[in-house]
Every structure is written in structure tokens, then in C-alpha cells.
Amino acid sequence: MCGIVGYIGKKEAYPILIKGLHRLEYRGYDSAGVALLSDDLRTYKCVGKVSDLEKFTEGKNIKGSIGIGHTRWATHGEPNDTNAHPHYSESKNLAIIHNGIIENYAPLKEEMKSRGHIFLSDTDTEVLIHLIEDIMMNEKIDLEEAVREALQEVHGAYAIVIVSKNHPDRLICARKGSPLVIGIGEQEFYIASDATPIVEYTKNVIYLDDEEVAVVTNTGELSIKTIRNQEKTPYIQKLEMQLEMLEKGGYDHFMLKEIYEQPRSIKDTMRGRLHVDKGIIKLGGLVDYEKKLSQAERIIIVACGTSWHAGLVGEYLFEELSRIPVEVEYASEFRYRNPVISEKDVVIAISQSGETADTLAALELAKSKGATILGICNVIGSSIARITHAGSYTHAGPEIGVASTKAFTSQVMVLTLMAIMTGHKRGVITESRYHQLINELENIPEKVKRVLETDEKIKAIAAEFKDAHNFLYLGRGYNFPVALEGALKLKEISYIHAEGYPAAEMKHGPIALIDEKMPVVFLCNNQSAYEKIVSNIQEVKARKGRVIGIVEEGDQIITDLSEFAIAIPSTEEPFSPLLASIPLQLLAYHIAVMRGCNVDQPRNLAKSVTVE
Ligand code: G6P
């Protein structure tokens with residue numbers, strides 16, 4: 001939520017900042033701004049996207065080799081020019097960009113107002129930069145010390161970068177709860193919310209830890225201290241990301257590219273972990289915790305959004321294949337309801353970004369109660385990946401489209417590997433079933449490729465239903481979470497109201513909504529409860545609902561019952577979500593494109609939600 005970027009070195013900063021903001025725009029896009037330091041410290045900001053900022057700055061001859069930039073997802077104060085970042089301090093000698101929330105901004109603001117401070121915006125961020133300057137002036141201390149002191153006074157989350165007119169050789173940045181990465185070049189530094197704006201300049205990065213303040217200079221110096229003035233030794237890591245992963249690669253949208261990447265991304269998730277020839281599943285990041293996992297009395301999965309849906313698939317997988325009871329919790333609910341957690345519980349957090357504030361807080365709570373905490377994250381080095389005892393990266397590659405697609409299937413794949421491995425270790429699944437499952441797992445990328453071949457057919461269905469006001473998605477068993485995910489995809493990017501339901505629950509409410517205008521997507525590619533789902537389809541048809549069936553290849557019965565049918569390859573039932581979710585991603589995508597929606601940046605959403 002909110003993207004921040006900074007540059008200090010010898011190059012012109014503005015083009016680097018703008019390019020970086022485009023890469024970070026998935027984090028928020030209601031307003032954008034930059035501050036550059038040359039003969040003076042100037043800010044340029046406006047409501048709208050980064051492209052609007054570019055138009056706004058056209059012909060303005062922006063100069064400076066030190067600068068900061070921001071793309072906003074509004075929390076405090078509506079999206080407008082004034083609330084856009086960067087924000088000046090009272091004297092306009094300092095400018096700040098911020099991602100996160102300063103929770104105690106109101107009393108701080110009142111107190112400073114009573115002493116004559118004038119605030120221009122409604123943001124919590126402006127309060128922080130005023131506070132820093134206030135401390136600097138009152139206590140007659142230098143900027144760095146004032147930043148540390150101010151950060152001890154504030155509650156909440158922050159990733160900040162500060163530029164100062166009186167310190168034209170440095171940028172100061174800090175983080176707590178919101179991510180910040182520093183890229184190290186030749187006598188230059190790049191700062192950003194994630195590594196995507198940095199990767200084309202350098203592969204050497206430092207991920208700041210909570211409550212660390214870094215000072216970087218235009219002579220290549222870097223120092224890190226905690227907000228309590230403790231020196232830290234910088235830990236430099238190598239980025240594995242490649243630049244082409246961040247480009248659209250000929251596709252109209254990142255979302256479409258990411259849908260089409262799934263045969264590859266799923267393969268990457270399995271790479272080095274599934275050894276069919278040796279009959280082994282080995283998850284490197286979990287090696288020391290395999291025993292703990294297989295002896296768990298209970299698994300609790302915490303997540304939000306699409307990752308929560310992957311967690312629900314995980315519940316079916318773990319309960320069937322390893323016979324460990326599983327609870328799947330919305331992280332935001334779990335953390336506030338005083339949950340019962342014991343040392344015998346294993347808590348698994350699922351998060352694409354690894355930064356979702358609620359998921360992070362839920363994990364911290366579970367950790368404080370002595371549970372083992374594991375993570376399934378996509379972003380390497382992310383906060384969740386770092387606070388967990390152990391975990392498995394999904395290795396799906398950067399996901400830029402705000403609506404999650406390939407990250408979901410990779411999360412499901414990690415859960416599948418974990419559940420089979422655990423079940424095997426516990427002796428719950430027989431040797432022959434184990435081999436049957438892992439043999440079929442290897443076929444999944446190829447089968448996903450075949451599902452993608454149905455795209456043209458799905459496009460035709462999208463054309464038929466693009467003007468619908470409502471959609472219903474129904475599935476049973478493993479396909480119930482897929483129904484939820486299909487409905488979420490459609491809501492997120494096309495703004496059509498959609499609900500996912502267990503097919504059998506339909507008669508307890510949603511059936512009342514069915515009429516000749518209601519499209520109902522039935523997920524029928526799992527064999528158990530086949531007859532039951534056939535009955536559910538009949539119930540919808542009897543009320544003139546319009547049935548779109550996702551069926552197994554060769555299934556004539558449901559194909560005949562459906563107005564439209566999409567046939568996908570058959571697979572082992574526990575793997576059916578890996579295939580069934582894909583036509584639903586494509587359906588949502590095409591409908592959204594046909595409705596003229598901004599598929600990669602849907603309104604009001606952000607990809608990484610670092611506020612609670
Ligand atoms: C946001 C995104 C969703 C995502 C959810 C959880 O709402 O728009 O696509 O599923 O956050 O994010 P995470 O990074 O924790 O998976």
C-alpha cells in the first residue's frame with residue numbers, strides 16, 4: 001500500500017523516480033508526487049496515476065540528482081493534490097514520503113498546532129515530518145537524531161524517505177511494519193518499497209529491518225542504526241529477480257501475462273522439490289520443521305483475500321491427505337478474537353506479498369503464544385518470510401496485476417506438496433497412493449497449458465455475459481474455495497457483484513436470486529458428489545438460471561445440461577483447484593476488458609495491504 005522510491009547519486013533522479021513509481025503503482029494509484037533537490041527543494045504532485053504526474057510535470061525541467069517519489073493509496077485524507085506525497089515540513093526544508101499509518105498522529109498534530117504549526121493536508125504523514133523538524137529545532141540536534149527520536153514517539157507503521165535542503169548529500173530512510181529495500185550502486189543508492197524499481201540498476205540490496213534508520217550519501221556511504229541509536233551491520237543480499245519478469249512481454253495486461261505464465265510458474269514452484277524418479281518431496285525451507293508439522297495437533301492457516309482461498313484449499317488437502325485438523329482463519333479476525341493457540345499448533349501464513357499487515361500481526365500473536373509459525377510467501381525477503389520459523393517460497397515470480405492469479409495456483413501447489421509430504425510421513429497415505437499422487441503432480445503444468453487452450457471459448461462466454469449484474473459460482477469439496485476465488489476475481493476487476501457458494505448451500509438462500517438473467521458457474525470437474533452437483537444444476541435450470549459448466553473432458557452429461565461448457569483435463573481430485581481456477585481467471589479477465597475496466601489496477605484496490 002503506497003509505493004515509495006528514492007534516488008541519490010550522480011544521475012538525474014526524476015526519470016529514475018518516475019520509472020520506479022510505474023513499477024510500484026500496483027501498491028496504490030490515487031495520487032502521485034516527487035520531490036527533487038537541486039538549487040531548492042521542490043515538490044510536484046497531483047491526484048491521479050503516475051502518468052498524470054508525468055503530464056503535470058511536462059515542460060517543467062525538473063532537475064536534481066537526489067529525489068524521492070510516491071504513489072498513494074489513501075488512508076488519511078481523500079485523494080487530492082494536497083494530500084498527495086511528498087509533504088514538506090513547516091519550514092519547507094524537509095520533504096517526506098511515507099507508506100503506513102501513524103496511529104497517534106491526531107494528538108501530535110493538536111499539540112503542534114497549539115504551538116503554531118500550520119498543516120496543509122489531512123494526512124498523518126505531514127504530522128511526522130513536522131514532528132521531526134520540531135524536535136530538531138527545539139533540541140538543537142541533527143536531522144538523523146531527530147528522525148530517530150520522532151520515530152520513538154510515533155505508533156503505527158512506516159516506511160519513510162526524507163530529503164533535506166540543508167543536507168544535499170544524503171537521504172534518510174526508515175521502516176517499521178512497511179517494507180523498504182535499499183539498492184547499492186556505484187556511489188549511488190536506490191530506495192524502494194520493493195526490489196522492482198531497483199533490479200535494472202543493481203542486484204545488491206539490503207532489506208531494512210523494523211525500527212532501523214539508514215543514511216545513504218552521494219559519495220556511496222551507508223550507515224544503519226536502530227531508532228535507539230544502536231549501530232547495525234548492513235547485510236547485503238543478491239536479487240534473483242530478472243528485469244523481463246517485470247514487463248508485459250507482448251500481453252495487453254499483466255494479469256493476462258500472469259494467467260498464461262501458470263504452466264511455468266507452477267513448474268517453478270515444484271522445481272527441486274518434487275523428485276518423481278526418486279519418489280521424494282523435499283521442501284528445502286521446511287526441512288528442520290517437517291517433524292513439527294507432521295506431529296502438529298492442529299494446523300491453523302491465516303491469510304487474507306485470495307491467499308485465504310488458497311488456505312481453504314489447504315484445509316481440504318491437509319485433512320484428506322495427512323489427517324491433521326485444520327482451521328482457516330481470516331487473519332484480521334483471528335488476531336482480534338483472543339484465539340486459543342498452543343505450542344502444539346502449527347500456524348501457516350499464506351501471503352503473496354509477505355507484507356499484509358493483518359497476516360503479519362496474526363503471526364506475531366501466534367508466535368507470542370508459542371506456536372510454530374510457517375510462511376508461504378511469494379516475495380523473497382518479505383516481512384512474513386523473515387519473521388516465520390521456516391517456510392516455503394512459492395517462486396511464482398513477481399505478480400504485478402492487482403488481482404492475484406499465478407500466486408494463487410503456486411500457493412495451492414506448495415500446500416499440495418506439504419500435505420502429501422506430511423501425509424506420507426505420518427503413514428496416512430499408502431505408498432501406492434503416494435506415488436500415484438506425485439506422478440500426477442508432474443503432469444499438472446502440461447494440463448494447465450491445455451486449460452489455457454480454452455481461452456477463445458471463454459472469451460465467447462464473456463461476450464455473452466459481460467452486461468450481467470450478478471454472478472453465482474458454485475462448487476463442492478475442493479472446488480468450493482475455487483468458487484469463492486472465481487467470484488472474487490470477477491468482483492475485483494469487473495465490478496460485477498458475484499458470490500461463491502458451496503453448491504449444496506444454494507438452496508438455503510441464493511436460490512432465491514435465480515432467474516433467467518442469472519449466470520451460474522458450476523465447477524464440476526471433481527468426481528465425488530457428481531450426482532449431487534448434477535441435481536444442483538437441475539435446480540438452477542428449473543428456475544431458468546443460465547448454467548456455465550466447468551466440466552471434465554469427456555463429460556457429456558453436464559456438457560448437455562449446461563448452456564455453455566468448458567472442458568478441462570481430468571486429474572486427481574485434490575489437484576482439481578489447480579486446473580479449475582484458471583478458466584475462472586480468464587472469464588473474469590475477458591469480462592473486465594469488455595466492460596472497459598482497468599484490469600491491472602482495479603479501482604480502490606491495492607496489491608499489498610500494509611494497513612489493518
Ligand atoms: C489484497 C490484494 C489481494 C490479495 C490480498 C492478500 O487485497 O488485492 O489480491 O489476495 O491483499 O494479499 P497477500 O499479499 O497477503 O497474499
Side-chain angles (χ1 to χ4, degrees), residues 1-3 24-30 73 75 99 177-179 193-194 196 254-255 258-259 265 301-314 328-335 347-364 373-388 391-394 396-412 414-415 481-482 484-495 500 581 584-585 588-589 592 597-612:
M1 222 141 245
C2 296
L24 292 175
E25 215 169 8
Y26 72 87
R27 301 178 68 86
Y29 31 82
D30 59 44
W73 187 89
T75 58
N99 166 30
S178 297
S193 300
D194 69 31
T196 58
F254 280 110
M255 182 180 177
E258 287 155 8
I259 292 173
S265 53
I301 298 178
V302 290
C304 305
T306 288
S307 299
W308 185 78
H309 294 155
L312 285 180
V313 178
V328 187
E329 303 268 1
Y330 282 118
S332 52
E333 287 300 313
F334 177 77
R335 54 178 297 211
V347 177
I348 305 175
I350 307 176
S351 173
Q352 188 287 128
S353 63
E355 301 293 346
T356 302
D358 282 317
T359 311
L360 201 52
L363 270 189
E364 274 158 0
I373 58 168
L374 306 179
I376 299 176
C377 298
N378 194 35
V379 177
I380 302 195
S382 54
S383 302
I384 291 176
R386 286 187 295 148
I387 75 155
T388 41
S392 267
Y393 282 117
T394 44
E399 192 182 63
I400 315 277
V402 165
S404 187
T405 51
K406 65 173 181 173
F408 172 77
T409 44
S410 284
Q411 290 165 343
V412 172
V414 170
L415 289 160
V482 179
L484 293 177
E485 176 58 11
L488 178 65
K489 283 290 86 80
L490 190 71
K491 274 186 274 208
E492 281 180 310
I493 60 170
S494 74
Y495 319 138
S581 53
L584 307 192
Q585 297 168 349
Y589 171 79
C597 300
N598 186 336
V599 171
D600 282 335
Q601 294 173 349
R603 70 182 179 210
N604 305 338
L605 296 179
K607 189 149 189 74
S608 175
V609 180
T610 51
V611 295
E612 294 166 25

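Atoms within a ligand are numbered from 1 in the order they appear, just like the ligands themselves.
- Short contacts between ligand 1 and Ser307, defined as distances under 4.0 Å to a heavy atom of the residue, involve ligand atoms 10 (O), 13 (P), 16 (O).
- Listed for the Glu258 side chain is no donor-acceptor partner under 3.5 Å among the backbone atoms of Ser404.
- Where the criterion is an N or O separation shorter than 3.5 Å, residue side chain and backbone included, Thr306 meets it with respect to ligand 1.
- Among all protein heavy atoms, the one lying closest to atom 12 (O) of ligand 1 is Thr356 OG1, 3.3 Å.
- Of all atoms in ligand 1, numbered sequentially from 1 with element shown, those under 4.0 Å from a heavy atom of Gly305 are 10 (O).
- The single protein non-hydrogen atom nearest to atom 3 (C) of ligand 1 is Glu492 OE2, 4.2 Å, given as residue, atom name and distance.
- Using a 4.0 Å heavy-atom cutoff, Cys304 is listed among the residues neighbouring ligand 1.
- With Ser383 as reference, Leu360 is the one residue of Leu363, Leu360, Thr388 to meet the side chain to side chain contact (heavy atoms under 4.5 Å, CB included) rule.
- Between Phe334 atom CZ and Cys304 atom SG the span is 12.0 Å, to the nearest 0.5 Å.
- The N/O atoms of Gln352, backbone and side chain alike, include one that comes under 3.5 Å of an N/O atom in ligand 1.
- Of all protein heavy atoms, the one lying nearest to atom 7 (O) of ligand 1 is Val609 CG2, 3.9 Å.
- Applying side chain to side chain contact (heavy atoms under 4.5 Å, CB included) to His309 and the options Leu484, Val328, Val482 leaves one that passes, Leu484.
- Glu485 and Thr306 are linked by a side-chain donor-acceptor pair at a separation below 3.5 angstrom, with hydrogens and angles left out of the test.
- If you check which protein heavy atom lies closest to atom 9 (O) of ligand 1, you get Val402 O, 3.4 Å.
- Rounded to the nearest 0.5 angstrom, Asn604 CG and Glu492 CD are separated by 12.0 Å.
- Of the protein's heavy atoms, Ala606 O, 3.0 Å lies nearest to atom 8 (O) of ligand 1.
- Going from atom CD of Gln601 over to atom CG of Asp30 covers 11.0 Å, rounded to the nearest 0.5 Å.
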